[in-house]
2 protein chains.
Amino acid sequence: MTLSEGAGQLPSRRIADAVRELITSGELAPGDKLPSERELARRFGTARNTAREAVRLLTEEALVTPVHGKGVFVREKQRLFRWGNDRYSRKTYRETGLTPFRLEMKRQGKRASIQAVAIDRVAPPYDVAERLGVSTDEESVIRRLNEYHADDEPVQLVTTYIRWSDAEGTLLTEPKTGPGGIHGRLEDKGHVMTTGRDEITARMPTHNEAQFLQAPSGVPVLDVLHTSFDQDGEPFEVTRFVHRADRSGLVYTFDVEP
Amino acid sequence: MTLSEGAGQLPSRRIADAVRELITSGELAPGDKLPSERELARRFGTARNTAREAVRLLTEEALVTPVHGKGVFVREKQRLFRWGNDRYSRKTYRETGLTPFRLEMKRQGKRASIQAVAIDRVAPPYDVAERLGVSTDEESVIRRLNEYHADDEPVQLVTTYIRWSDAEGTLLTEPKTGPGGIHGRLEDKGHVMTTGRDEITARMPTHNEAQFLQAPSGVPVLDVLHTSFDQDGEPFEVTRFVHRADRSGLVYTFDVEP
DNA sequence: TAGTGGTCTAGACCACCAT
DNA sequence: TGGTGGTCTAGACCACTAT
């Protein structure tokens, strides 16, 4: 392996530049192990901390992932899961019999598994209360927290909030929500989803999110706050999706008003 | 100021926990300066590098921003700019006479300014070529790169790609594109935007993007790849929007197919 | 000029992993 | 057991900011 001299002026930058060049040129392929921090330091004539700083820079760029006790590895480029505004289409569901998550997993030849983590009656967070038109002071909603996996790899965290007045005494308080799922039960209550709104932000994951999503450092999350509106234009369900941004992309198609 | 003992076991975690507690409790308000790294080290009885590591952790969480020569400051929480699928609505444009960017700036009482950085004929990047149905081997597109500012603060980087065969000999090769802007000229060429598709990912900014967007470390970008389709369903324009994720959110509303 | 963050050195010990 | 990353110490000099 050749470590050509980098263009940066700082030693840590020079090391990072040289290694980045090896990666982008393909000399170091995804999955390959980098020279150890001590080895990089030796080759470039620096202290170990300086080589370590170079590795930190590359980690922040999401090019490499350090693994304790094993080494630093070039990131695998993974195909993106794609989620979008077609995921609520009843037509797709009728034709395939699959929920959007299971459909996307099948498309990529992966096994879908969904784990219910918690179902409880809680006081909603501010942004949810605002959208559902309920109080943050009382336990006015039911919260359903689920973890979604593809071949046992974590993919997304999904938290659904429904007004307690809609959920009380229905299967919405149970792990299994019956035919048609959550939206089936909400239709029983007279809420037919007619319009949806997705509000999207990106941010770094919280500690808990990073842990569940197994997100290497330098990987942000996509945070999608979805609101469902019924035939009367009334919001009746809010769901927060948290995705690893290096594994998921979002797609929205829309008609342009003339 | 009280620096209560943190719960973490590692010294760097303990310092970070203590400072985070000061911020979330409001004892340190947005804009306030943290104790210097040397002072934190003194108070907690550690080496400076350890206090520095604590500051790095908080920076990664986007809670604080170090400023060279001045100090480390608690982040200001800023209101989000909001962009969505209504931005291509001709109706809004007719009613207000404002482009979506200028409309959002007016909504927030800020002055909009747009700076054309480059207009050149280039070979398109792979993802753009794929969507426009052109070759990556020839200079088959014109690229228009613009920087958008709100009160002189950078907000987004916008790069538009149009087939050279559509742009040749029109105002699309000039900084001023005339009435109705880019889409006005494309309508002259017979492309009326009928459908749009936005593909959204989040990632850490490249060095150049971070520099222009003045993005503090720990802040990801939202990368929106927009494709416009005309009345025949043919793609005729691709635009990449790169936003600072702590300053911008996206909103999509859509009808649900019955 | 004094104080700040930015970077670096040359060590040290620990936790984790493979053999 | 040896190699790896994770963390820490106790210094040092530089670049930037304010006075």
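Proteins come first, then strands; the chains are lettered A, B, ... in the order of their sequence lines, and each starts at number 1.
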Provide, to the nearest angstrom, the distance between the [atom1] atom belonging to [X] and the [atom2] atom belonging to [N].
X	N	atom1	atom2	result
B/L40	D/dT9	CG	P	13 Å
A/F44	C/dA10	CZ	P	17 Å
B/L57	D/dG6	CG	C1'	12 Å
A/E37	D/dT7	CD	P	11 Å
B/R42	D/dA10	CZ	P	15 Å
A/R52	D/dT4	CZ	P	14 Å
A/H68	D/dG2	NE2	P	18 Å
A/L34	D/dG3	CG	P	19 Å

Within the structure, does a side-chain N or O atom of [X] lie under 4.0 Å from either OP1 or OP2 of [N]?
X	N	result
A/K70	C/dA18	yes
A/S36	D/dT4	yes
A/T50	C/dT7	no
B/S12	D/dC8	yes

Nearest-nucleotide comparison on DNA chain D, the residue closer to the 5′ end among B/R48 and A/R48:
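Checking each residue's closest nucleotide, the 5'-ward one belongs to A/R48.
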Taking N and O atoms by type only, does the side chain of B/R56 place a donor or acceptor under 3.5 Å from a partner on the base of C/dG5?
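Looking at the base of C/dG5, it does not pair with any donor or acceptor on the side chain of B/R56 (distance under 3.5 Å).
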Report yes if a donor N or O on one partner sits less than 3.5 Å from an acceptor N or O on the other, where the partners are the side chain of A/R38 and the base of D/dG3; otherwise report no.
no
Other residues, nucleotides, ligands: >12 heavy atoms within 6.0 Å of A/K106 NZ
no
Here's a test of your reading of the structure: between A/G45 and B/E39, which maps to the more 5' nucleotide of DNA chain C?
B/E39
Assign each of A/N49 and A/V67 to its nearest nucleotide of DNA chain C by heavy atoms, then name whichever residue's nucleotide is nearer the 5' end.
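The residue closer to the strand's 5' end, by nearest nucleotide, is A/N49.
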Between A/R75 and A/T65, is there a side-chain donor-acceptor contact under 3.5 Å, judged purely by atom types and distance?
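A pair is found: one side chain offers a donor N or O, the other an acceptor, under 3.5 Å apart.
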Is it true that B/E237 and B/T239 share a donor-acceptor pair across their side chains at a distance under 3.5 Å?
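Result is yes, a qualifying pair exists.
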Checking contacts here: which listed nucleotide (C/dC8, D/dG5, D/dT17) is nearest the side-chain heavy atoms of A/E53?
C/dC8
So if I take every side-chain heavy atom of A/P66 and compare against D/dT9, C/dT4, D/dG6, which nucleotide ends up nearest?
D/dG6
Determine the interplanar angle of the A/F101 and A/Y148 rings, folded into 0 to 90°, and report it as parallel if under 30°, tilted if 30 to 60°, perpendicular if over 60°.
perpendicular
Just say parallel, tilted or perpendicular for the rings of A/H226 and A/F241, cut-offs at 30° and 60°.
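Correct class here is perpendicular.
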Describe the nucleic acid contact of B/V72 in one word from base, sugar-phosphate, nothing, applying a heavy-atom distance below 4.0 Å.
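Sugar-phosphate contact only - B/V72 comes under 4.0 Å of backbone atoms but never of a base.
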